[in-house]
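Just so we're on the same page: letters track the sequence lines, and every chain starts at 1.
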Protein chains: 2
Amino acid sequence: MSFSYQFPRPALTVDCVFFGLDNEGLMVLLIKRGLDPFRGRWALPGGFVHIDETVDEAARRELREETGLQRVFLEQLYTLGDLDRDPRERVVTIGYYALINLHDHRLKAASDAANAAWFDIVDLPRLAFDHDAIIEMALKRLKSKVRYCPIGFELLPRKFTLSQLQRMYETVLARPLDKRNFRKKVLQLDMLEELDEVEQDVAHRAARLYRFNEAKYVKATEQGFNFEI
Amino acid sequence: MSFSYQFPRPALTVDCVFFGLDNEGLMVLLIKRGLDPFRGRWALPGGFVHIDETVDEAARRELREETGLQRVFLEQLYTLGDLDRDPRERVVTIGYYALINLHDHRLKAASDAANAAWFDIVDLPRLAFDHDAIIEMALKRLKSKVRYCPIGFELLPRKFTLSQLQRMYETVLARPLDKRNFRKKVLQLDMLEELDEVEQDVAHRAARLYRFNEAKYVKATEQGFNFEI
DNA sequence: TCAAAAGTGTTGAGCGTACACCCATGC
DNA sequence: GCATGGGTGTACGCTCAACACTTTTGA
């Protein structure tokens with residue numbers, strides 16, 4: 001079976017930058033290509049947009065197939081449509097990025113295939129296609145958006161310490177923040193819920209746990225909001 | 001002649017929001033559709049992405065065809081890929097927006113077709129497809145970007161008064177700004193060149209003319225930059 | 001001389017930034 | 001008792017926001 005059109009059409013794909021955070025730093029999930037072109041090179045998870053799914057659904061399908069996850073922050077980034085992106089034929093791709101909480105999830109990719117692995121964003125291998133450009137755009141978007149939207153929490157466990165939160169911002173923004181100023185700012189935004197729990201199994205004084213509170217955030221938003229610390 | 005593929009492919013189009021500024025307010029160029037679907041409805045300029053042009057080139061081609069212009073600010077916005085955007089078949093469209101200086105240009109669309117017209121952004125007719133959503137996204141992007149990038153100048157003549165500049169910001173942001181604070185802020189950013197000219201043919205004291213200075217701007221950028229007035 | 005818009009400074013409040021020490025806990 | 005990170009307050013400078021009158025010009 002084949003499908004015919006009066007004019008030639010580019011193929012349409014999605015490519016996804018899945019960000020995760022661990023003790024090493026900010027990580028990106030890559031897939032080792034088994035086929036030409038770029039056989040053996042690392043690449044972003046991605047694939048064709050099916051005719052019966054929206055482009056958002058195509059990105060979510062990639063997410064599910066590669067990580068087993070469904071309900072994570074996922075956002076469209078940019079569409080790349082240069083002529084020679086793919087040496088085989090004309091392919092236009094829609095870039096997406098997602099934020100994954102590596103702490104609370106046991107990921108399919110981690111246990112599963114030898115052809116998928118997490119790489120530190122500051123030490124990426126050579127990539128297939130123009131995927132380096134997509135990752136660069138995703139990182140730029142993340143860096144800017146994390147400062148005025150509460151999306152950084154998606155990278156943390158549901159309950160976290162203020163130090164974990166600060167480390168997350170420092171890792172994403174790639175610069176150190178002042179502890180006292182950070183805590184002052186983040187608490188006065190009044191979007192965190194202080195829990196009656198402390199962290200467990202640490203070899204020093206246990207830190208208090210907090211949780212992001214959506215309702216409090218919505219209120220705080222009305223007064224303006226940013227992390228320009 | 002026809003083109004066959006193993007799997008069905010969505011059609012790929014671009015749709016463009018061309019913004020212009022006149023004394024009435026912020027305007028958008030629309031085209032009256034001559035064919036079904038939505039015959040007689042107003043729609044954004046747009047069309048298919050050709051197989052031998054990038055998506056940016058497709059958007060620039062639309063710009064040229066509808067306005068006769070070439071060198072204007074044009075930027076990709078978002079890709080819309082829902083299943084039923086177009087009642088005929090699956091069409092994925094890449095939204096663009098551009099800023100057009102209505103003062104310095106005699107536009108093709110203005111003189112030309114009865115099927116093209118500029119509409120005030122606050123008083124748009126019913127639109128074809130999901131073009132209202134594209135315009136909404138374009139306006140949101142413009143409002144936010146104009147505050148931290150010097151793109152607002154694209155809507156003004158090359159030489160302008162500070163009052164014109166302020167009116168431009170007030171129109172785009174849809175809120176009044178304080179005259180003294182505005183002038184202080186914009187002058188201290190040190191990206192305007194004060195000219196030895198004043199406006200002509202006005203029935204009151206003539207205002208001094210200024211010009212945006214790219215080189216000064218680049219310097220100013222390094223110290224941070226925004227219009228949060 | 002009148003109408004219309006140009007042009008111009010000061011003050012108070014809030015926010016960002018810099019900075020250092022004591023405390024609680026587990027080993 | 002010591003190593004490790006948790007937790008806390010103050011002071012200065014800058015930017016934002018509010019606010020009203022005089023000047024210039026053409027009609």
> Among all residues two or more places apart in sequence or in another chain, which pass the ring pair (Phe, Tyr, Trp, His ring centres under 6.0 Å) test with A/Phe182?
Replying inline: A/Tyr169
> Could you give the CG-to-P distance, from B/Leu187 to C/dA6, as a whole number of Å?
Replying inline: 14 Å
> Roughly how many Å is it from CZ in B/Phe182 to P in D/dT15, rounded to a whole number?
Replying inline: 18 Å
>> Expected output is a numbered-order residue list: members of residues 158-176 of chain A with a heavy atom under 4.0 Å from any atom of DNA chain C. What is it?
In response: none
> Which residues satisfy the ring pair (Phe, Tyr, Trp, His ring centres under 6.0 Å) test with A/Tyr97, sequence neighbours excluded?
Replying inline: A/Phe73
> Hey, are A/Lys159 and A/Glu199 close enough for a salt bridge, meaning a charged N less than 4.0 Å from a carboxylate O?
Replying inline: no
>> Strictly below 4.0 Å, N to O, side chains only: are B/Lys216 and B/Glu193 in salt-bridge contact?
In response: no
> Who passes ring pair (Phe, Tyr, Trp, His ring centres under 6.0 Å) against A/Phe212, sequence neighbours left out?
Replying inline: A/Phe153, A/Tyr217
>> I'd like to check the side chain to side chain donor-acceptor pair (under 3.5 Å) partners of A/Lys140; sequence neighbours left out, ordered by chain and number.
In response: none
> When the distance from CG of A/Leu177 to P of C/dG16 is rounded to whole Å, what number comes out?
Replying inline: 13 Å
>> As an exercise, state the distance from CG of A/Leu155 to CG of A/Leu99, rounded to the nearest 0.5 Å.
In response: 4.5 Å
> Who passes ring pair (Phe, Tyr, Trp, His ring centres under 6.0 Å) against B/Phe38, sequence neighbours left out?
Replying inline: B/Phe129
>> Contact list please: residues 194-208 of chain A against DNA chain C, heavy atoms, distance less than 4.0 Å, in numerical order.
In response: A/Val202, A/Ala203, A/His204, A/Arg205
> Mind checking what makes side chain to side chain donor-acceptor pair (under 3.5 Å) contact with B/Gln166, not counting sequence neighbours?
Replying inline: B/Glu170
> Just wondering, are more than 12 heavy atoms of other shown residues or ligands nearer than 6.0 Å to CZ in B/Arg175?
Replying inline: yes
> Looking at B/Arg61 and B/Glu57, does any basic side-chain N land under 4.0 Å from a carboxylate oxygen?
Replying inline: no
>> Between P on C/dT17 and NZ on A/Lys185, what's the gap in Å once rounded to a whole number?
In response: 8 Å
> What pairs with A/Asp22 under side chain to side chain donor-acceptor pair (under 3.5 Å), at least two apart in sequence or on another chain?
Replying inline: none
Short heteroatom pairs, N/O only, protein and nucleotides 18-22 of chain C, under 3.5 Å:
{"from": "C/dA18", "atom 1": "N7", "to": "A/Asn181", "atom 2": "ND2", "distance (Å)": "2.9"}
{"from": "C/dA18", "atom 1": "N6", "to": "A/Asn181", "atom 2": "OD1", "distance (Å)": "3.0"}
{"from": "C/dC19", "atom 1": "N3", "to": "A/Arg180", "atom 2": "NH2", "distance (Å)": "3.4"}
{"from": "C/dC19", "atom 1": "N4", "to": "A/Asp178", "atom 2": "OD2", "distance (Å)": "3.2"}
{"from": "C/dA20", "atom 1": "N1", "to": "A/Arg180", "atom 2": "NH1", "distance (Å)": "3.4"}

> Which residues pass the side chain to side chain donor-acceptor pair (under 3.5 Å) test with A/Glu194, sequence neighbours left out?
Replying inline: A/Arg208
> Per the end-axis method with five pairs at each terminus, what is the bend angle of the helix from C/dT1-D/dA27 to C/dC27-D/dG1, to 10°?
Replying inline: 0°
